[in-house]
J.: 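Sharing a structure with you now.
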Amino acid sequence: MEENMEEGQTQKGCFECCIKCLGGIPYASLIATILLYAGVALFCGCGHEALSGTVNILQTYFEMARSAGDTLDVFTMIDIFKYVIYGIAAAFFVYGILLMVEGFFTTGAIKDLYGDFKITTCGRCVSAWFIMLTYLFMLAWLGVTAFTSLPVYMYFNIWTVCRNATLVNEANFCLDLRQFGIVTIGEEKKLCTPSEAFLRMCESTDLNMTFHLFIVALAGAGAAVIAMVHYLMVLSANWAYVKDACRMQKYEDIKSKEEQELHDIHSTRSKERLNAYT
């Protein structure tokens, strides 16, 4: 009987411990972090593969080659974009971890307000800094989303021309890279419907796959924007809670100090009366 009671108390203690641990998880920050990682993964992974597919299309069907030397051509720009993607992936992996840690500390500060943990001025400054930084990153991701829509629009036009070429017999459609700004005005890199390269490009999976990869990358950038907005709401709410908690801490400290002073005054008067009576 006693063993059953001890076992029941142990299970109850473990259950309460699990509930306490689950209560300390910042679920809002966790959801925003998952959304951020998903968006960054889609943008970086699909964007990188879409850029590689673009290089393959330019070299295979438009017969473009890399310029010799340090000339800034479209292939050099694509390589730069790939390095930017590597930096974005690494930076926002670290930033997501930092925001999760900040969420855990803020949740602990609120729940352990009357415990040993105290909210410091440095902690409030860190929260305010995260709010400002997240706002700037949100604006940056808006710019990235707008920039990613450009290749989607370009590939949509190419895909539309290919589809119209298959629907309209004996039509003369041309794809000129100069209208997309990929090559200079002096270079003539275009494909027309009578050419075999045009038909091979439209029938290949490279064009369709690259087009859809850019669409998924655009969706990933949009998900990152939503994650940044979510983080802003979470950080602003945590800032408000921490600010109220700091006021409550000051109130409790002043109240405790006044009670201690009243206790000291009462003790002093009691001693004085005892000495006078004696």
J.: Apply side-chain hydrogen bond (donor to acceptor under 3.5 Å, both in side chains) to the pair N157 and T160, showing each step before the final yes or no.
T.: CA-CA 5 Å; N157 287 335; T160 303; 5.3 Å; no

J.: Which pair of non-hydrogen atoms, one from S149 and one from L218, has the smallest distance, and what is that distance?
T.: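 Heavy atoms of S149 and L218 come nearest at N-CD1, 4.0 Å.
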
J.: Report yes if the side chains of K82 and S52 come closer than 4.5 Å at any heavy-atom pair, otherwise no.
T.: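 Heavy-atom side-chain distance check passes, below 4.5 Å.
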
J.: Decide side chain to side chain contact (heavy atoms under 4.5 Å, CB included) for F75 and L58; before the verdict, give the C-alpha distance in whole Å, the side-chain angles of both, and the deciding distance to 0.1 Å.
T.: CA-CA 9 Å; F75 297 106; L58 294 176; 4.2 Å; yes

J.: For residues S236 and L232, report the shortest heavy-atom separation together with the two atoms involved.
T.: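 Answer, listing the atom of S236 first, then L232: OG-O, 2.7 Å.
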
J.: Under 4.5 Å between any side-chain heavy atoms of F211 and V152, yes or no?
T.: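 Yes, at least one pair of side-chain atoms sits under 4.5 Å.
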
J.: Which atom pair, heavy atoms only, marks the closest approach of F81 to F147?
T.: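 Result for this residue pair: CZ-CZ, 3.7 Å.
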
J.: Treat each ILVMFWY residue as a node, draw an edge where side-chain heavy atoms are under 4.5 Å apart, and state whether V229 and M132 are in one component.
T.: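 They do share one cluster, since a chain of ILVMFWY contacts under 4.5 Å joins V229 to M132.
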
J.: Does C162 have any disulfide bond (SG atoms under 2.5 Å apart) partners at least two apart in sequence or in another chain, and if so, which?
T.: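 Scan of C162 (disulfide bond (SG atoms under 2.5 Å apart), adjacent residues dropped) gives C202.
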
J.: Do the side chains of F198 and V161 get nearer than 4.5 Å, heavy atoms only?
T.: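 Yes. Closest side-chain heavy atoms under 4.5 Å.
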
J.: For the residue pair L35 and A223, what are the closest heavy atoms and their distance?
T.: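 Closest heavy-atom pair between L35 and A223: CG-O, 3.7 Å.
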
J.: Other residues, nucleotides and ligands only: do more than 12 of their heavy atoms fall within 6.0 Å of CE on M209?
T.: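 Check fails, neighbour count at 12 or below.
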
J.: Under the rule for ring pair (Phe, Tyr, Trp, His ring centres under 6.0 Å), what residues qualify as partners of Y135, not counting sequence neighbours?
T.: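 If we apply the ring pair (Phe, Tyr, Trp, His ring centres under 6.0 Å) test to Y135, skipping adjacent residues, there are no hits.
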
J.: Holding to ring pair (Phe, Tyr, Trp, His ring centres under 6.0 Å), I want the full list of residues that pass it with H48, two or more places apart in sequence or in another chain.
T.: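 H48: ring pair (Phe, Tyr, Trp, His ring centres under 6.0 Å) contacts with Y86.
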
J.: Measure the CG-CD1 distance between L133 and I131 for me, rounded to the nearest 0.5 Å.
T.: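 Separation between the atoms: 11.0 Å.
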
J.: Cluster question for you: counting only ILVMFWY and a side-chain heavy-atom cut-off of under 4.5 Å, with indirect links fine, are L136 and V94 together?
T.: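 Different clusters: L136 never reaches V94 through Ile, Leu, Val, Met, Phe, Trp or Tyr contacts under 4.5 Å.
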
J.: Which heavy atom of V40 sits nearest to which heavy atom of A89, and what is that distance?
T.: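 Closest pair (atom of V40, atom of A89, distance): CG1-CA, 4.1 Å.
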
J.: Could you name each residue pair satisfying ring pair (Phe, Tyr, Trp, His ring centres under 6.0 Å) that touches residues 214-238, not counting sequence neighbours?
T.: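 The answer is Y155-F214.
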
J.: Counting C-beta onward and ignoring hydrogens, is there a side-chain heavy-atom pair between D206 and Y61 closer than 4.5 Å?
T.: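 In contact.
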
J.: Would I31 and L36 show up in the same hydrophobic cluster when neighbours are defined by side-chain heavy atoms closer than 4.5 Å?
T.: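 No, I31 does not connect to L36 through the hydrophobic network.
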
J.: Find the distance between CE (M100) and CD1 (I34) and round it off to the nearest 0.5 Å.
T.: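 Taking CE in M100 and CD1 in I34, the distance rounds to 8.0 Å.
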
J.: When you compare the side chain of V74 with that of V55, does any pair of heavy atoms fall below 4.5 Å?
T.: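 No, side chains not in contact.
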
J.: Report the distance from atom CG of L99 to atom CG of L30, rounding to the nearest 0.5 Å.
T.: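 With rounding to 0.5 Å, CG (L99) is 12.5 Å from CG (L30).
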
J.: Mind checking whether I226 and Y27 sit in one hydrophobic cluster, side chains of I, L, V, M, F, W, Y counted as touching below 4.5 Å?
T.: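 No.
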
J.: Only counting residues at least two apart or in another chain, list the ones meeting ring pair (Phe, Tyr, Trp, His ring centres under 6.0 Å) with F93.
T.: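 Listed in chain order: Y37.
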
J.: Under a 3.5 Å threshold, yes or no: a donor from one side chain and an acceptor from the other, between N208 and T205?
T.: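 Absent: no donor and acceptor within the cut-off.
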
J.: Assign the ring pair Y95 / F137 to parallel, tilted or perpendicular, where the plane angle (0 to 90°) is split at 30° and 60°.
T.: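 The arrangement is perpendicular - the two ring planes meet at more than 60°.
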
J.: Say you draw a straight line from OG1 of T33 to CZ of F92; how long is it, rounded to the nearest 0.5 Å?
T.: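 If we round to the nearest 0.5 Å, T33:OG1 and F92:CZ are 12.5 Å apart.
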
J.: If you compare all heavy atoms of I158 against all heavy atoms of M201, which two are closest, and at what distance to 0.1 Å?
T.: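 Answer, listing the atom of I158 first, then M201: CG2-CE, 4.2 Å.
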
J.: Going by the rule ring pair (Phe, Tyr, Trp, His ring centres under 6.0 Å), which residues pair with F62 if we only count those two or more places apart in sequence or in a different chain?
T.: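 F62 satisfies ring pair (Phe, Tyr, Trp, His ring centres under 6.0 Å) with no residue once adjacent residues are dropped.
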
J.: What's the separation between atom CG in L235 and atom CE in M228, rounded to the nearest 0.5 Å?
T.: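 One gets 9.0 Å once the value is rounded to the nearest 0.5 Å.
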
J.: Nearest 0.5 Å, please: how far is CG in L51 from CD1 in I85?
T.: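 So the gap between those two atoms works out to 5.0 Å.
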
J.: Check whether T60 reaches the backbone of I57 with its side chain - one donor and one acceptor, N or O, closer than 3.5 Å.
T.: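 No, T60 side chain to I57 backbone: no donor-acceptor pair under 3.5 Å.
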
